[in-house]
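Starting from 1, each residue takes its place in the sequence as its number. In each ligand, atom 1 is the first atom listed, and ligand 1 is the first ligand listed.
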Amino acid sequence: MSGMFILIIGPSGSGKGALMSALRQERPDIVFPISCTTRAPREGEVEGQMYYFISREQFKQKIKEEAFLEWAEYGGNLYGTLRSEIMPALEAGKTVVREVEVQGARQIETSIPRERLRVIYIDAGSWEELEARIVNRAAIHTEELAKRKERFEDEITFKAHAFRVVRNFDGELEQAKVDFVQAVHDAERS
Ligand code: 5GP
């Protein structure tokens with residue numbers, strides 16, 4: 001195995017999506033593996049672009065077949081990265097970049113050799129700043145907000161041991177895109 005698997009971790013609302021889009025544009029040579037999820041597609045989401053949208057039954061079947069490198073439940077839905085999308089690319093020496101939630105990231109850390117794995121953490125500020133952003137974006141229930149806070153506390157544990165922390169505070173997206181592309185470049189060569 002000679003490629004590098006780069007995991008992107010960041011709280012919901014940290015701007016991972018915008019950074020990943022910028023990276024896709026800049027780096028057509030990178031492999032962006034497609035994951036499976038049981039959640040419904042959002043408006044504008046295309047089957048087979050970011051996700052294969054499958055039923056819970058289909059997902060369970062794939063677990064049985066050991067098709068997943070890791071899988072996890074998040075927000076009541078199942079998410080899993082497919083071995084077939086990742087391992088051949090790593091074997092071929094390619095860079096693979098995927099955003100996952102923390103339970104999945106922990107599983108990947110136990111199954112991919114250390115020297116082939118790098119974590120980039122997207123830092124969008126303190127919980128208070130993130131909370132303000134979430135609340136401004138849409139109406140949200142108190143329980144949901146509490147769940148997000150709990151997740152944030154789990155996610156932030158990755159900041160300390162990440163290969164690189166990319167800062168994406170309000171109004172800094174353009175700089176964050178540049179820093180993110182650079183972080184991936186550095187991770188590949190580390
Ligand atoms: P969303 O539903 O907003 O696309 O994603 C929800 C969360 O699931 C995000 O934190 C995202 O990083 C994570 N996620 C996306 N794909 C995977 C995957 O294949 N495995 C795991 N464990 N998490 C994923």
Nearest heavy atom to atom 14 (N) of ligand 1, choosing from Gln103, Arg39, Glu99, Glu85, belongs to Glu99
Between Tyr74 and Tyr79, how do the two ring planes meet: parallel, tilted or perpendicular, split at 30° and 60°? perpendicular
Shared hydrophobic cluster, Leu117 / Ile86 (ILVMFWY, side-chain heavy atoms < 4.5 Å): yes
Going by the 4.0 angstrom heavy-atom rule, the piece of Lys16 near ligand 1 is side chain
for atom 13 (C) of ligand 1, nearest protein heavy atom and its distance come out as Glu101 N, 3.6 Å
Next item on the list: Answer yes or no for Arg98 and Tyr51: cation-pi contact, defined as NZ/CZ to six-membered ring centre under 6.0 Å and angle to ring axis within 45°.
Entry: yes
Nearest non-hydrogen contact to atom 24 (C) of ligand 1 from the set Val100, Thr81, Ile108 belongs to Val100
Would you call Asp179-Arg167 a salt bridge at under 4.0 Å N-O? no
Return yes if some donor-acceptor pair links the side-chain N/O of Gln58 with the main-chain N/O of Ser55 below 3.5 Å, else return no.
yes
Looking only at protein heavy atoms, what sits closest to atom 16 (N) of ligand 1 is Arg98 NH2, 2.8 Å
Closest to atom 1 (P) of ligand 1 (heavy atoms only, candidates Arg42, Glu73, Arg106, Met50) is Arg42
Contact region, Glu70 to ligand 1, non-hydrogen atoms below 4.0 Å, reads side chain
* Do Arg118 and Ser190 get their side chains close enough for a donor-acceptor pair, meaning under 3.5 Å? -> yes
protein heavy-atom neighbour closest to atom 19 (O) of ligand 1 works out as Ser35 OG, 2.6 Å
Nearest non-hydrogen contact to atom 15 (C) of ligand 1 from the set Tyr74, Phe68, Tyr51 belongs to Tyr51
Practice task
Please confirm whether Phe59 and Phe68 have ring centers closer than 6.0 angstrom.
Solution key: yes
